[in-house]
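Residue numbers start from 1 in every chain, and the chains themselves are labelled A, B, ... in the order their sequence lines are given, proteins ahead of strands.
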2 protein chains.
Amino acid sequence: MNDKPLKMKKSDRTRAAIAAAAQRIFASQGYERATIREIAAAAGIDPTMVMRYFGSKDRLFAEVAEFDLDLPDLAALDRDRIGETLVAHFLSVWESESGGGFPILLRSAASNDYAAARMQQLFAAQVLPAMLVLGPPDSAPQRAGLVATQMLGLALARYVLRLPPVVMLDRDTIVREIGATLQRYATGA
Amino acid sequence: MNDKPLKMKKSDRTRAAIAAAAQRIFASQGYERATIREIAAAAGIDPTMVMRYFGSKDRLFAEVAEFDLDLPDLAALDRDRIGETLVAHFLSVWESESGGGFPILLRSAASNDYAAARMQQLFAAQVLPAMLVLGPPDSAPQRAGLVATQMLGLALARYVLRLPPVVMLDRDTIVREIGATLQRYATGA
DNA sequence: TCCATTTGCCAACATGTGTTGACTTTTCTC
DNA sequence: GAGAAAAGTCAACACATGTTGGCAAATGGA
């Protein structure tokens, strides 16, 4: 009998399977429409297992929606390319495997209080500080707010609502056009 | 007996009361979390009445989420002020009584198929044509797409998520800053 | 092997949902 | 005022949800 939980292989695998299924379903249905039963079915196990492993639907969502914007240090960058760098970074994060938390959060943020609060503190903790190093502190909230509108809109239209003209935009166009906007918002030029 | 000449029929009044309550609740909770019972309670009537007057929750939502962007003819405007005019117009519509349909739609679009489809056809039928008169037809979808990201993002951040730094932006700043962005997106300059 | 622990499934509960039908009250026309 | 139609109420159904407890099966160390 070990006090230390070393590696219970089987349980870790099912736990991961549940998490993966939950990510997929939360991301495509949103918090309210996603059901424990559907997640369990997608993971190939019994709905009760979800409760045993994660405690509740709320806690499962919280765990699966966890992620980080992981912004680079903007002060160290070529000042003329801050906008483009920002957009490119966001695109990479949203499309990466580990960054799946953002679509999940965004899909539910409009109707779920926890997701909305999480989104809010995400910008407060990561975007606002990034703006502080780029210009006068007084204008940082305004610059962060403007940046937020453009980035949230891009993510919403492209990955959640999937508006055809936005989905069709190629990466270069997005980086150039929206990059120019972010450049202006972020530096206040 | 007609005691109050200017009052509408009783049935029209309750129908209007239900619609008003539904607008309020759909706008703040989203389609899934809003319940017929809650709407009925807010309207001060029995839940059954909602069914009698509107048939189903779906049809009530569809009716209440109906609205129009009602864009002005951009070709007739001062070409340098197209961006500002657009933003100012959107702000007016969203904050007007009759334009309440937009927040309703937006709040539900991320998790409700009907609302998402409605949003999609809204841009296809109103924003895209507006872009056609402002520049080359080939680039119209791209310009409309970019405009959509910025406008949806502003609406989402300010009216749905209520991100503090975006809520705090005063109207003039929004018109100036975001107007400049829309100007560039819409005219392709 | 044995047996305790882990892992899993089943049935069921409590609750909230949209929705329906039967019934009562109000309203309006003649 | 009588009677029909409209407006409103009540109880309940059928179903889906998150969640719980009991019990079987696998697992792994002694």
Check the orientation of Y31(B) and F26(B). Use parallel for under 30°, tilted for 30 to 60°, and perpendicular for over 60°. parallel

If a pair satisfies salt bridge (Lys or Arg N to Asp or Glu O under 4.0 Å) and one of its residues is in residues 133-158 of chain B, list it, with sequence neighbours excluded. none

Residue list, side-chain hydrogen bond (donor to acceptor under 3.5 Å, both in side chains) with S92(A), at least two apart or on another chain: R171(A)

Report the residues that fulfil side-chain hydrogen bond (donor to acceptor under 3.5 Å, both in side chains) with Y185(B), sequence neighbours left out, ordered by chain and then residue number. Q150(A), T181(A)

Expressed as a whole number of angstroms, how long is the span from R59(A):CZ to dG18(D):P? 15 Å

When the distance from CE of M51(B) to C1' of dG21(C) is rounded to whole Å, what number comes out? 13 Å

Residues passing the side-chain contact (heavy atoms from CB on, under 4.5 Å) test with T48(A), sequence neighbours excluded, are D46(A)

Output yes when at least one side-chain N/O atom of T14(B) is less than 4.0 Å from OP1 or OP2 of dG8(D), else no. yes

Roughly how many Å is it from CZ in F61(A) to C1' in dG18(D), rounded to a whole number? 16 Å

Sort me out a list of protein N/O and nucleotides 9-13 of chain C N/O pairs below 3.5 Å, or just none if empty.
residue: dC9(C); atom: OP2; partner: D46(A); partner atom: N; Å: 2.9
residue: dC10(C); atom: N4; partner: T48(A); partner atom: OG1; Å: 3.1

Roughly how many Å is it from CZ in R13(B) to P in dT26(C), rounded to a whole number? 15 Å

Partner residues of S56(A) under the side-chain hydrogen bond (donor to acceptor under 3.5 Å, both in side chains) criterion, sequence neighbours left out: none

For DNA chain D, determine which residues of residues 25-35 of chain A have any heavy atom closer than 4.0 angstrom to one of its atoms, and list them numerically. A34(A), T35(A)

Between C1' on dA16(D) and NZ on K57(A), what's the gap in Å once rounded to a whole number? 11 Å

Side-chain donor-acceptor contacts of residues 75-84 of chain A below 3.5 Å, not counting sequence neighbours, with atom names and distances?
residue: D78(A); atom: OD1; partner: D80(A); partner atom: N; Å: 3.2
residue: R79(A); atom: NH2; partner: L134(A); partner atom: O; Å: 2.9
residue: R81(A); atom: NH2; partner: E84(A); partner atom: OE1; Å: 3.3

Round to a whole Å and report the spacing from CG of D12(B) to C1' of dA7(D). 12 Å

Qualifying residues under side-chain hydrogen bond (donor to acceptor under 3.5 Å, both in side chains), relative to T187(A), sequence neighbours excluded: none

